[in-house]
Amino acid sequence: MPKNLKLKAARAALDMTQGQLAEASGVSRQTMNAIEKGDYSPSVKLCVKICKVLGKTLNELFWEDESDV
Amino acid sequence: MFKNVKGLDELQLIKRGNAFKHAFFTLVGSSLVNILLVNHVLGIEWAEGGREELTIVLFSLMVLIAEFAWHGIIPFGEKQQKAFMVLYAVTGLFLVGVCVYDLVFEHAKIFFNGQVTPSALVGFYGIMFIMITVVYMLRQITLKKEDAAQDE
């Protein structure tokens with residue numbers, strides 16, 4: 001699975017570390033790292049939580065562009 | 001102690017399930033192999049005093065705990081985790097020390113009559129305990145590298 005660069009960029013735009021985003025989303029830092037690296041596909045519930053923290057929509061963070069497929 | 005028990009997130013729950021699965025198959029597989037060796041096919045008894053089952057159970061337990069330590073799914077706070085790891089290391093070193101003492105001063109052997117002696121088994125148990133702490137320390141090093149690399 002490709003890396004989730006949109007998530008990483010959105011996190012960086014808010015000047016948040018993985019640990020801070022993880023804590024705000026209610027998961028461990030290792031889990032957030034796995035999501036960003038593309039090693040784990042989070043549940044829709046977790047995706048929504050992350051989107052709320054970063055102020056983005058599901059499409060903006062987790063929709064795959066055709067170029068990624 | 002249980003005030004600091006933390007809940008696991010969804011990925012940690014999956015990893016915990018995998019850890020239990022691996023330990024279960026280790027236990028069942030090792031037990032089956034042991035039963036075949038001991039009772040049915042070769043008639044081999046590889047440890048004195050019927051310690052084979054204890055060794056298999058302890059080994060399976062160590063597989064479980066090592067996987068917990070590697071994936072960071074020990075359900076306690078950081079301080080309690082470190083305390084447990086220190087306890088494992090101290091216990092392991094003590095058991096290895098007892099083994100070395102037996103081997104050096106009591107002139108015990110590692111094998112006797114084709115069986116692993118209790119002294120050697122104690123040393124093996126000690127090494128298993130120490131390996132848990134080693135796995136935990138390796139995990140901490142990996143986490144620090146991930147921390148450093150997260151914004152690359």
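Chain A is the first sequence line, chain B the second, and so forth, proteins listed ahead of strands; every chain is numbered from 1. Quantities reported herein were computed from a predicted structural model and do not represent experimental measurements.
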Inset, instruction - Using side-chain contact (heavy atoms from CB on, under 4.5 Å) as the criterion, list what pairs up with B/Val90, not counting sequence neighbours. - result: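 By the side-chain contact (heavy atoms from CB on, under 4.5 Å) rule, B/Val90 matches B/Val86.
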
Inset, instruction - May I have all residue pairs that pass ring-ring contact (aromatic ring centres under 6.0 Å, His included) and include part of residues 86-114 of chain B, sequence neighbours excluded? - result: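 For residues 86-114 of chain B, and leaving out neighbouring residues, the ring-ring contact (aromatic ring centres under 6.0 Å, His included) pairs sorted by first residue read B/Tyr88-B/Phe129, B/Tyr101-B/Phe105.
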
Legend entry - Within residues 40-58 of chain A, residues adjacent to chain B where the heavy-atom gap is under 4.5 Å: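 Listed by number: A/Tyr40, A/Pro42, A/Ser43, A/Leu46.
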
Inset, instruction - Please look at B/Leu143 and chain A and tell me whether the side chain, the backbone, both or neither of the residue comes under 4.5 angstrom of a heavy atom of that chain. - result: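 The answer is both parts of B/Leu143.
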
Legend entry - Residue list, salt bridge (Lys or Arg N to Asp or Glu O under 4.0 Å) with B/Lys82, at least two apart or on another chain: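 Once residues adjacent in sequence are excluded, the partners of B/Lys82 under the salt bridge (Lys or Arg N to Asp or Glu O under 4.0 Å) criterion are B/Glu78.
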
Legend entry - Between CE on residue B/Met85 and CD on residue B/Gln80, distance to nearest 0.5 Å: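 Here the interatomic distance stands at 12.0 Å.
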
Inset, instruction - State, to 0.1 Å, how close B/Ala47 and B/Leu121 come at their nearest heavy-atom pair, and which atoms those are. - result: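 In this case the closest contact between B/Ala47 and B/Leu121 is CB-CD1, 3.9 Å.
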
Legend entry - Any donor-acceptor N or O pair under 3.5 Å, side chains A/Glu36, A/Asn4: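 No.
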
